[in-house]
Amino acid sequence: MSNTVAHGILHKTLVCPTVIEYKIKVNSSGIPANTLFQAVSLNQAQAQIGKFPISTKFFGNKLKVRKPKLAMGSRWGVAVVPHAVLATDPVSELSGEFNLDENIKLQVGVSVAPGAVKQVDFQLTNSSDTMILHWGVIRDRNGKWVLPSRHPDGTKVYKSRALRTPFVKSGSGSFLKIEIDDPAVQAIEFLIVDEAQNKWFKSNGENFHVKLPVKEKKIQDVPVPEDLVQIQAYLRWERKGKQMYTPEQEKVEYEAARTELLEEISRGASIQDLRAKLTKKSNATEVKESSVSQTKRIPDDLVQTQAYIRWEKAGKPNYSPDQQLKEFEEARKDLLIELEKVIEKYAKAMEEQDDDLVLNKIIYKLADNQLLVLVTKHSGKTKSGWRHLQVLCQLGSVAVNEAVETQLQSSSSPDSGFEVQTSDIELEADTFKGMPFVLLSGGNWIKNNGSDFYIEFGSGSKKVQKDVGDGKGTAKVLLDKIAGMETEAQKSFMHRFNIAADLIDQAKDAGELGFAGILVWMRFMATRQLIWNKNYNVKPREISKAQDRLTDLLQNVYTSNPQYRELLRMILSTVGRGGEGDVGQRIRDEILVIQRNNDCKGGMMEEWHQKLHNNTSPDDVIICQALIDYIKSDFDVGVYWKTLNTNGITKERLLSYDRAIHSEPNLRRDQKDGLLRDLGNYMRTLKAVHSGADLESAISNCMGYRTEGQGFMVGVQINPISGLPSGFPKLLQFVLEHIEDRNVEALLEGLLEARQELRPLLFKPQARLKDVLFLDIALDSSVRTALERGYEQLNNAGPEKIMYFISLVLENLALSSDDNEDLIYCLKGWNLALSMSNSKDNHWALYAKSVLDRTRLALTTKAEWYQRILQPSAEYLGSLLDVDRWAVDIFTEEIIRAGSAASLSSLLNRLDPVLRKTANLGSWQVISPVETVGYVEVVDELLTVQNKTYERPTILVARSVKGEEEIPDGTVAVVTPDMPDVLSHVSVRARNSKVCFATCFDPNVLADLQANKGKLLRLKPTSADVVYSEVKEGELADDRSTHLKDDGSVSPLSLVRKQFNGRYAISSKEFTSEMVGAKSRNIAYVKGKVPSWIGIPTSIAIPFGVFEKVLSDYSNQAVAEQLEILKKRLVDGDFSVLGKIRETVLQLKAPSELVQELKAKMKSSEMPWPGDEGEQRWEQAWTAIKKVWASKWNERAYFSTRKVKLDHNYLSMAVLVQEVVNADYAFVIHTINPSSGDSSEIYAEVVKGLGETLVGAYPGRALSFVCKKHDLNSPQVLGYPSKPIGLFIRRSIIFRSDSNGEDLEGYAGAGLYDSVPMDEEEKVVIDYSSDPLVVDGGFRQSILSSIARAGQAIEELYGSPQDIEGVIRDGKLYVVQTRPQM
């Protein structure tokens, strides 16, 4: 048999593994490994199956093992139950009809053409012309799709897994004919896809399945070897739960096994195929109904020898038959322990045979086998070796579906007779972070407790390394204390919860980071990264009491410190409710009631009883549920294991308890009803302590209950919480009655209504607040569970249904968040989008896209908060506690995935392409359409490389672009998924520098670009798309775009030093080029020359040279000296002093002459003088002026001037002083469309509030529109606003930078320096669902048209394209500055 490791490389990040159903394994003979029916070896399986596997026996006082006979009997027929299929007759044509939706019908006909070719005819009625058949054929019982070589013209292979054939349009319908000439094909499976609408049609959620005619064989003439029938009969017995059969039933079962094998032969299987299948079931084979994990194939003569040695050491006692069986298994365990040392020896030998540096070593447990992964570094390579026991394989690698499959090769373990498999994979050093992988054996996948295996290349251990830094960004003192007390906390939950309770005050003193530390610690506990119990027995009531104490303290902090509520909710969700008095004691008492009532005092039930008595834990809730599921499934022990494993409890974990659980449940059918009743009652007791977030338990605690009799919850009375809303009990009853509904919409609305009703109680202090909190947490969890179940409804759903689900998830997220104002406005936005869609508003998709973008920003903000608050604590505490590296790396990611944010993100990703297609947005927004050629580089943030110089033409693919960054030297293109405004600083810089700049909305296209890292690509942008292709360097030897300009080819720009002209302040009439920059002169020029409906604010200026004059004043001598020292360091290349220079400038004192002259000039211009409101107001104004001067040394401006070799000492800064218009809206106009270069249309962007959110680095998009100059009354909206924040200000003064560096031709100096208002702007979260610019079409048309008219008027005044900034206040338009559009 061939085993395979399938793996993929993770570059720079760790992908969270997907949880799958746990698989149970049997050995190569098909016999479960912990029975005494184990075959001696693989080759002896057939011979041994019908006889006792041990040749030597002990008699009398010695060990004796008996084996029951396998079932045998007479032949009988077996009934086959098919799934939903369209059955066909081998000779006659048969048609079936399916309703795909209200209008479209599918008819399928099957016939056999001459030459035994099978023909399948498909007919669709009322269909579109974009229908596609997504299909494959089936040859055998495993149901795997096979792609036939014969298929109709136009068929394409889809991801190597299916075929896609377009239907042929005919009138209002479509048809398709498929011919299949492979006689082994048994069926065709398919789906129908409407490609235009991305809509899939299924058969009740499954594939359509049509049986095809198969030539029948006379199976009675084919003899099946009896040894194979015996194996098949045994497998049937296992599948049916190892039932006790009568002799007659044994005969029937035996012949049923024979019939199953004959049926496989009739489908084309040979005897050799059957033998290979039945005898090659090794440790990787899956038997879903089997629950037992395999024991390694240790020869039974060795086991018997070990048993004899044990018997001798024990003094040769007289063993009963049961004791003999136990001794035999204990002997096997002894040998298994020795066998486990083999893998360690092998690892050590591999480490010692070379001088390679060992980077990482992990040994995984696979049932009772082991897997060694060793990572070493040698000669610049990173090498990963896999070691696994007892499977024979071949070597080779093939690429499969974005992964690689590598077969393992047999070899011998050093110094032992055992066989291992190995595979060596060599990778480039320092290129990859790690590798996820799974094992494939016999067609079955082997995973690490349901998740992918993962090996990190860079660490020397799977544990976090001890060199963890200084704990920056954490409550370090608290975390150090937690780590110091972890040894005590490991003793029991009682110890851990009491320690946590003792630390609450210290956490409160540490603030937000303190509770983040407690959350990280509790989360590590809940995810089983920390030891729950170690060498300490504790009564359940003591655990319950400690829980109760901790949750009471958390409740008190929740009431007194509302700023920590979200963190406290998360902590509570990791801790059970607990309870005083007999709440915990009932766990101990009631298990005895179950055992007594149902006569189940031995085996697994007794082992569980001992665990419960000595250290109950949340695992007991899962064990109880596994027992209930096992009993309900007619005692199928495979179901028991499935429930355990799905919830993270493995056989190894059961054995790890201080009071281990060794046995499987072995209960009787006559116990069924009593056990289901009693375990159901017991579950309530367990959940009352351990599962505060369990819905039924939480409802009971809040609504009250009283139970008497039958030994469960005897005399317990819980009173209802006072103040619950009227009608609330009925609402909760509705929720419980529908909690398992497949159609989840009504359930979701009920759950969310319950959360809304409950919300006011969460903010009122009361004695039982924690019960209300646990109920809300349970309702939240139930919403997420229901949503996951409801995703199936969205497979063929339209955008309205997806938007409806988004609104439900968003509401749930908002109800779980403290700072949820932005989420609430996003929710209102989705409700408006739904309303617009239902009313057939032409703009609904465009508006919905803006809401989607805003929602994504809100999720990003929340994720960044989690990352900032939680991840440093996870890193630091995880290192101190030796937590698994992977658990630390994905800590924040898992927190997010556990909430509604992950579900919401998935829904947004599903809707995004639909909205872009409906709104005709395409996959790109081209901001600067420049064709170019360059080498692809991938960066996380443009900000981190803005000062870098690339030596060759570079196409930057940047995840984050905020809007204020510089374009690095050598960059010829920037591509990003981020959404900077078209008129943001970085966008303007890109266009001015002739750099291609575009936003890519399609994640697949972006991923493909990133995959081209290091390659030379040509980008060909249009106004709405970007086409890229790889080019060869030889083809472009003479292409100018591939060669950067030499330093000498850059024409140096020069500045003229400006002198102080004896004036500290001047009016707008005095603005000249010697006194002020172009910003001031332009605003003075337009005043009185534009139409009267365009307002121009009154302006004065502090001219060039005033800063230098103030600096030379005697009162500022010390500041001047310090500044000179810092400037010298700057010249020497110490750029870290830039911030210190700005701080030094802020220490300047204002000469009295400046104050008096500025006051006089402002008052004569009818501007308010700040000093009239008090000295403090003047100081605010003076600080704002100094901040404008200091911005000469901001990093972006300084490096920009260095790049073009401007003499920074010659840069002078005037200050334009204007009264602030407290804007309703702000806008920026480019009188030529900057994206297309179309001079016939005006492009503008509008934001709510002040314009800083438009020109600054504020996330989200502005409202954008274009307007033809010949039709200024018909603006066309290109995109609605998604910026969550608007800036507003009281009546105030703004001081605008106006340097001589902004006037230079060919140099985009505008926006490099700061404009500072005297008063701080107020940040307001914007509700666009009530904004008339969005919801009132007439108002929008009026405002946008007036903006366009103002742009044209100013362009006509100057006679050249203009870049204009302005605001709208109470419908009045003001222009605050204009400059030539570059």
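Because only heavy atoms are used, hydrogens play no part in the values below, and waters and symmetry mates are left out as well, while side chains stay in.
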- Are Arg789 and Asp741 within salt-bridge range, i.e. N to O under 4.0 Å?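 Looking at Asp741 together with Arg789, the answer is no, because their closest N to O distance does not fall below 4.0 Å.
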
Does [Y] offer a backbone N or O that forms a donor-acceptor pair with the side chain of [X] under 3.5 Å?
X      : Y      : answer
Gln529 : Asp884 : yes
Asp619 : Ile622 : no
Arg496 : Met522 : no
Ser544 : Pro540 : no
Ser782 : Ala778 : yes
Tyr640 : Pro665 : no

Contact summary for [X] and [Y], nearest pair of heavy atoms:
X      : Y      : value
Val639 : Tyr630 : CG1-N, 4.2 Å
Glu260 : Gln232 : OE1-NE2, 2.6 Å
Leu686 : Asp620 : CD1-O, 3.6 Å

- Task: Report the distance from atom OG of Ser903 to atom CG of Leu787, rounding to the nearest 0.5 Å.
- Result: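 Rounded to the nearest 0.5 Å, the OG-CG separation comes out at 6.0 Å.
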
- Query: Using the ring of each side chain (for Trp, its six-membered ring), is Trp608 parallel, tilted or perpendicular to Tyr682, with breaks at 30° and 60°?
  - Reply: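 Because their plane-to-plane angle is over 60°, the rings of Trp608 and Tyr682 count as perpendicular.
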
- Starting from the C-alpha separation in whole Å, work towards a yes-or-no answer on side-chain contact (heavy atoms from CB on, under 4.5 Å) for Asn681 and Val593. CA-CA 11 Å; Asn681 288 328; Val593 175; over 6 Å; no

- Flag yes if more than 12 heavy atoms outside Glu696 fall under 6.0 Å of its CD atom; otherwise flag no.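 Incorrect, the count does not exceed 12.
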
- Item | Glu330 atom CD, neighbour heavy-atom count above 12 within 6.0 Å |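 Enclosed.
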
